[in-house]
Amino acid sequence: MRLTQGAFSYLPDLTDQQILKQVQYAMDKGWSVGIEWTDDPHPRNSYWDLWGLPLFDCKDASAILYELNECRRLNPDGYIKVVCFDATRGTESSALAFIVQRPFSEPGFYLERQESYGRNLVYTISSYAVQRNAESQRY
């Protein structure tokens, strides 16, 4: 199973050169660029861990690639994405986000079914990554 979150997720993985072009596009639009990572890519987990702070005043896309490679080095088995923020309306809104690294083997998700009151069924999607690493052992 291949996780499909963000732009370009149905395409083959982007090369570093393609990532540089996307980052340069974002910088040309005046967007700030940040790097985020996680080991739990659950669809409702929209708050991934920040790799440092977003690089607000950075004008060189290669600096972003350097930080990305440092994040890759320290998180070789995690998901990493680039997030571009547009602050033109006075808020930090995500204008573009795309995954730049995935684990070699993506663990996937499983569906839990529970019977509830009044013959109702409750379904929960859970991540195999979280099941494999208990919450106290993940960070």
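Quick caveat: nothing in here was measured; it's all calculated off a predicted structure. Side-chain atoms are counted along with the backbone in the values below, which use heavy atoms only and exclude waters and symmetry mates.
- By the 6.0 Å contact criterion, CD on E115 is open, its count of non-hydrogen atoms from other residues, nucleotides or ligands being 12 or less.
- Between atom CG of residue D77 and atom CZ of residue R102 there is a gap of 14.5 Å, rounded to the nearest 0.5 Å.
- A7 approaches F98 most closely through the heavy-atom pair O-CB, 3.3 Å.
- The closest donor-acceptor contact from the side chain of N69 to the backbone of L65 lies under 3.5 Å.
- Atom OH of Y66 has 12 or fewer heavy atoms from other residues, nucleotides or ligands within 6.0 Å.
- Here K21 contributes atom NZ and Q18 contributes atom CD; the two are 7.5 Å apart, rounded to the nearest 0.5 Å.
- Counting only heavy atoms from C-beta outward, the side chains of I99 and I80 never approach each other to under 4.5 Å.
- In plain terms, the two heavy atoms of D60 and M27 that are nearest each other are O-CE, 3.8 Å.
- With no hydrogens or angles considered, no side-chain donor-acceptor pair links E36 and W51 at under 3.5 Å.
- For the pair W48 and Y79, the minimum side-chain heavy-atom distance is below 4.5 Å.
- With respect to K29 and D86, no salt bridge is recorded, no charged nitrogen being found less than 4.0 Å from a carboxylate O.
- Annotation: side chain of R113 is in contact with side chain of L121 (closest heavy-atom distance under 4.5 Å).
- When side chains are defined from C-beta on, V23 counts as touching V82, because their heavy atoms get closer than 4.5 Å.
- Interatomic distance, C58 SG to E67 CD, rounded to the nearest 0.5 Å: 9.0 Å.
- Between Q101 and P76 the shortest heavy-atom distance is NE2-O, 3.4 Å.
- For K81 and W37, the positive end is not near the middle of the six-membered ring at less than 6.0 Å and at most 45° from its axis.
- Across every non-hydrogen atom of Q22 and L96, the tightest pair is OE1-CD2, 4.2 Å.
- Considering SG of C71 and CG of D49, their distance stands at 9.5 Å, rounded to 0.5 Å.
- Across every non-hydrogen atom of F56 and S32, the tightest pair is CD2-OG, 3.3 Å.
- A salt bridge links D16 and R72; the closest N-O separation between the charged side-chain nitrogens and carboxylate oxygens is under 4.0 Å.
- Cluster membership for L74 and I35, using ILVMFWY side-chain heavy atoms within less than 4.5 angstrom, is shared.
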